[in-house]
Participant: 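So that we are looking at the same thing, I have put the structure below in structure tokens.
Source: prediction; values computed, not measured.
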Amino acid sequence: TPLGRMMLQIVIGLSLAGILIASVLARAITRPINALSTAVEHFSDDGRAPALPLRRKDEIGALARRFAELRTQIAQQMGELHQRRSELEHLAQHDALTDLPNRALFDDRMSVALAAARRDNSQLALLFIDLDRFKPINDRLGHAAGDRVLKGVAERIRHNIRESDTAARIGGDEFVVLLPGIASAEDAEVVANKIRAAIDRPFTIDGHELAISVSLGVAHYPQDGTDATSLARHADTAMYRDKAAGNAHRRA
């Protein structure tokens, strides 16, 4: 009937209008809110977060802009925290004065190198280095001058070893060097002589030319020991033997 057709047309029209209104609302409100919700879920992952409706002029746009600012601020703070954590981890494993590895880090690398040497049936060497005539520098010129000499010594050692080697400061004027994967004992002697020659060159501090020398002992794996303790004992004994020989030579 005409009335039935009219009612059907009205229902269809209202349905279409409802669909249109729902679509507009979804575009205007629901989708931006869903985008904000998804952004919250992936707060720390900018790559997976959807684009925020930052250009809107209404409350949703203001909320989106505030959220973006907050995310940026937190990301910056997290970056600073990671940087500070890395710095603290570095300080915990390195000597504060020379920035060389400290004893703890050196011991860890020594363990790794020994394990690799046993596995691969390869060689390594351990060098003990002690500075001679260093105490008079502190007594005469002060600890600031002594610290600069120690930094210079560390730099000269670093420049005369490979990147795969490890130099560490383990005491006031005591240094150690780990040489993993060497081909022969002669290779370690070559490095030891280079380090000795480098440190023997005078240091110029505040216009003063300062001469120091080193006592140096070398231990070879596996000839002089198969563990860190025995190698350290052998290198230490060799170092003091070298020191005694140097003192005898100076007295002569």
Participant: Of all heavy-atom pairs between V218 and A238, which one has the smallest distance, and what is that distance?
Facilitator: N-CB, 3.9 Å
Participant: Can a salt bridge be assigned to the pair D200 and R196 using a cut-off of 4.0 Å between side-chain N and carboxylate O?
Facilitator: no
Participant: For the side chain to side chain donor-acceptor pair (under 3.5 Å) test, which of K151, R169, H90 pairs with D99?
Facilitator: H90
Participant: Just wondering, more than 12 heavy atoms not from E209 lying within 6.0 Å of its CD?
Facilitator: no
Participant: Give me the atom names and distance for the closest heavy-atom approach of L126 to M110.
Facilitator: CD2-CE, 4.3 Å
Participant: Measure from the side-chain N and O atoms of D130 to the backbone N and O of S215, and report whether any donor-acceptor pair falls under 3.5 Å.
Facilitator: no
Participant: Check the surroundings of atom CZ in R158: do more than 12 heavy atoms from other residues, nucleotides or ligands lie under 6.0 Å from it?
Facilitator: yes
Participant: With a 4.5 Å limit on heavy-atom distance, are the side chains of I182 and R162 in contact?
Facilitator: yes
Participant: Yes or no on side chain to side chain donor-acceptor pair (under 3.5 Å) for S213 and D132, after CA distance, side-chain angles and deciding distance?
Facilitator: CA-CA 5 Å; S213 58; D132 303 322; 3.3 Å; yes
Participant: Using every non-hydrogen atom in the two residues, find where L150 and T98 come nearest and quote the distance to one decimal.
Facilitator: O-CG2, 3.8 Å
Participant: Please check if the side chain of Q123 supplies one atom and the backbone of A183 the other of a donor-acceptor pair under 3.5 Å.
Facilitator: yes
Participant: So, do L131 and F175 sit near enough that their side-chain heavy atoms are less than 4.5 Å apart?
Facilitator: yes
